[in-house]
2 protein chains.
Amino acid sequence: MTTPRYQQLADTLVREIRSGRFPVGSLLPPEPRLCQRFGVSRHTVREAVRRLADLGLVSRHQGVGTRVRATQSSAHYVASLSSLQDLMQYTQRTRLERLGERWVEADPALASVLRCNPGQLWLELDTCRYQAGRREPLVHMRVYVHPEHERIREELDAGNVWIYGLVEKHSGERIVEAQQIVGALAIPAASARVLGVKARAPGLLVRRYYLGRNARLLSVSLNVYPADRFEFSTRWRLELDGGPAGR
Amino acid sequence: MTTPRYQQLADTLVREIRSGRFPVGSLLPPEPRLCQRFGVSRHTVREAVRRLADLGLVSRHQGVGTRVRATQSSAHYVASLSSLQDLMQYTQRTRLERLGERWVEADPALASVLRCNPGQLWLELDTCRYQAGRREPLVHMRVYVHPEHERIREELDAGNVWIYGLVEKHSGERIVEAQQIVGALAIPAASARVLGVKARAPGLLVRRYYLGRNARLLSVSLNVYPADRFEFSTRWRLELDGGPAGR
DNA sequence: AAGTGGTCTAGACCACCGA
DNA sequence: CGGTGGTCTAGACCACTTA
C-alpha cells in the first residue's frame with residue numbers, strides 16, 4: 001500500500017464518522033489517544049485530522065477538542081474577475097470599429113432578447129472588435145443602450161474603448177451585476193459578412209445583460225464570434241471555510 | 001508578536017511574489033534554502049508554503065520544486081456555485097447513459113487537450129446525458145480519468161450519477177478547482193450520430209478540467225452540445241467592500 | 001547521482017479552555 | 001489545575017524528477 005499513513009487514517013475516521021461511531025456534535029478522541037490507537041506520531045494524526053477539517057467534517061478548538069460537524073462535505077465554488085472587462089478575456093489589446101448606429105423600436109422578437117416591452121426604443125450600436133495585427137475581426141457586437149444615454153455615441157470614436165465604462169459614466173450608475181449567456185449558433189449572413197466567414201458557419205453567440213442598482217437594465221450586448229477565433233475560459237475555485245484569510 | 005512564525009513567513013513570501021522577486025512561472029527557493037534564510041525548521045517552512053498553496057499562489061511538485069502560479073489580484077466581480085454540479089446547470093434531472101469505455105494512450109493531439117504527456121494512459125468513458133422526457137440526448141460527454149481510479153466504472157451503473165463525486169471519492173482528494181473552456185464547433189460525425197443531429201451542425205464544445213490540491217489534474221471531460229439544446233448562463237456580481245470573511 | 005518535495009518520528013513548549 | 005489543540009525543532013527516510 002503506497003497510500004500515506006495519514007490518508008489511511010483519515011479514511012478510517014471518515015468511515016467511522018459516517019457510521020455514527022462519532023456522531024455530529026460530539027468530540028473526536030483527543031490526538032494523543034488517536035496516536036496510541038493507531039500507533040503513529042502526533043504529526044501523522046494531525047495531518048489526518050487536517051484533511052477532515054479541510055473537508056468541513058470536523059472543526060478544531062484549542063483547549064476543547066475536535067468536534068464533528070457533518071458527515072458529508074459541503075462545497076462552495078467561486079469564480080472571480082478583477083473587472084467586467086476581464087469577462088471579455090482580451091489578452092491582446094483590441095480595437096473597436098463602428099459599423100453604424102440606428103434607433104430601433106423593439107419588435108416582439110427583439111423585445112424578448114432585450115427583456116423589455118415591445119415598442120421600447122433603443123440605440124443600437126453596430127461594432128466589431130479587431131485583435132492587434134489581425135485583418136479579420138474577432139467579434140461582431142451589437143450593443144443596445146437606453147435612449148437617455150445617447151451621448152455615448154460622441155465618445156465612441158477613440159479606437160480602444162470599453163463601452164460599459166461609458167455606460168457607467170453616462171448613467172451615473174455602477175454596473176452591479178452582469179449576466180452572460182453563451183450558446184452556439186450558425187452565423188447568420190449579416191454577421192458572416194462582417195466577420196469574413198461563410199454564412200451558417202459555427203460560432204458563439206454571447207448575450208450580456210448589464211444591470212445597475214435595483215436590477216435596472218442598463219445595456220445589452222449581442223456578440224457573435226466565429227468558432228475558431230475565441231473561447232471562453234472560466235476558473236472556479238473551492239471557497240475555503242473561514243475565507244481566504246485562513247483558519 | 002503573537003502571529004505564528006509560519007504565517008509571518010507566508011506573508012513575506014506573498015509580498016515577494018507580488019513584488020516580482022519570484023515571478024509567475026518561476027520556482028521558489030527550495031525548502032532547505034528557505035530554512036537557512038529565515039532560520040526556521042523545515043516544518044515551519046512547509047507550513048508557510050502550504051498556506052500559499054491553499055491560496056492558489058503556488059503549486060508544489062515533488063522532485064522539481066515549488067512553482068509560482070499567480071499573484072492573486074483582488075476580485076471585484078464574482079460568480080458562485082453551491083456545487084460543481086451547478087456548473088452544468090441541469091435544472092431538470094438528467095439521466096446518464098453509458099455508451100462505452102476504453103483505455104486510450106494519448107497521442108500528441110489528445111495529450112494536448114488533456115494537458116498530459118503523449119503516451120499517458122487514460123480511461124475514457126463515453127456517455128451521454130438525457131433530459132427527462134426527451135428522446136434526444138442533451139450532450140455527448142467523454143470523460144477521462146486516471147487509470148488508478150478505474151474502479152469508478154463499477155459505480156457508474158446507476159442512472160443518475162455525478163461522475164466527479166465518484167472521482168472525489170476514489171481519488172480521496174477534494175476537487176479544489178475546475179476550469180471550463182467553452183467554444184463553438186461544427187459537430188463531428190461521431191458526436192452527431194450520438195446526438196441525432198447532422199454532422200457539421202453548430203454546437204458548443206465544453207472542456208472541463210478538474211483539479212485537486214496542488215493543481216493535480218484529476219479528470220477531464222469533453223462535452224458536445226447541439227446549438228439549440230443548451231446555453232450557459234453565468235451571473236457576475238460586484239463584490240462588496242469587506243467581502244465575506246475579510247482578508 | 002543529486003536535489004527536490006512528501007512523509008513520519010520523538011520530542012518540546014505554548015495558549016487556551018473548563019472544572 | 002490538567003487536558004486540549006497550536007506551534008516548532010531536529011532529524012530521518014522515501015518517491016520523484018532531472019541531468
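Letters go in sequence order (proteins before strands), and every chain restarts at 1. Computed from a predicted structure; not experimentally measured.
- Contacts of B/His61 classified as ring pair (Phe, Tyr, Trp, His ring centres under 6.0 Å), with partners at least two apart in sequence or in another chain: none.
- Contact between the side-chain N/O atoms of A/Thr66 and the OP1/OP2 oxygens of D/dG5 is found at a separation under 4.0 Å.
- Using a 4.5 Å heavy-atom cutoff, the side chains of B/Leu28 and B/Val68 are in contact.
- Using bins of under 30°, 30° to 60° and over 60° for the plane-to-plane angle, the ring pair A/His43/B/His43 lands in the perpendicular bin.
- Going from atom CZ of B/Arg46 over to atom P of C/dC8 covers 11 Å, rounded to whole Å.
- At the heavy-atom level, B/Arg5 lies under 4.0 Å from the strands shown only through sugar-phosphate atoms.
- Side-chain contact check for A/Asp228 versus A/Val197: every heavy-atom pair is 4.5 Å or farther apart.
- Proximity of A/Tyr6 to the phosphate of C/dT7: a side-chain N or O atom is located under 4.0 Å from OP1 or OP2.
- Rounding to the nearest 0.5 Å gives a distance of 9.5 Å between CZ of B/Arg51 and CG of B/Leu55.
- The distance between atom CD of B/Glu31 and atom P of C/dG6, rounded to the nearest whole Å, is 6 Å.
- Using cut-offs of 30° and 60° for the angle between ring planes, the B/Phe232 and B/Tyr225 rings count as perpendicular.
- Rounded to 10°, the helix from C/dA1-D/dT18 to C/dG18-D/dC1 has 10° between the axis fitted to its first five pairs and the one fitted to its last five.
- Between the CG atom of B/Leu34 and the C1' atom of D/dC8 there is a distance of 16 Å, given to the nearest Å.
- No hydrogens or angles considered: nothing links the side chains of B/Thr44 and B/Arg5 as a donor-acceptor pair under 3.5 Å.
- Contact annotation: the side chain of B/Arg142 approaches that of B/Val224 to within less than 4.5 Å [non-hydrogen atoms, C-beta and beyond].
- Rounding to whole angstrom units, CD of residue B/Gln36 and C1' of D/dT9 are separated by 16 Å.
- Nucleotides of DNA chain C nearest to B/Arg60 and A/Thr44 differ in position, and the one nearer the 5' end is that of B/Arg60.
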Would you give a per-nucleotide map of nucleotides 10-19 of chain D, 5' to 3', where B means the base has a protein non-hydrogen atom under 4.0 Å away, S means only the sugar-phosphate does, and - means neither? --B--BBB--
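- In this model, no donor atom of one side chain and acceptor atom of the other lie less than 3.5 Å apart for B/Gln179 and A/Arg235.
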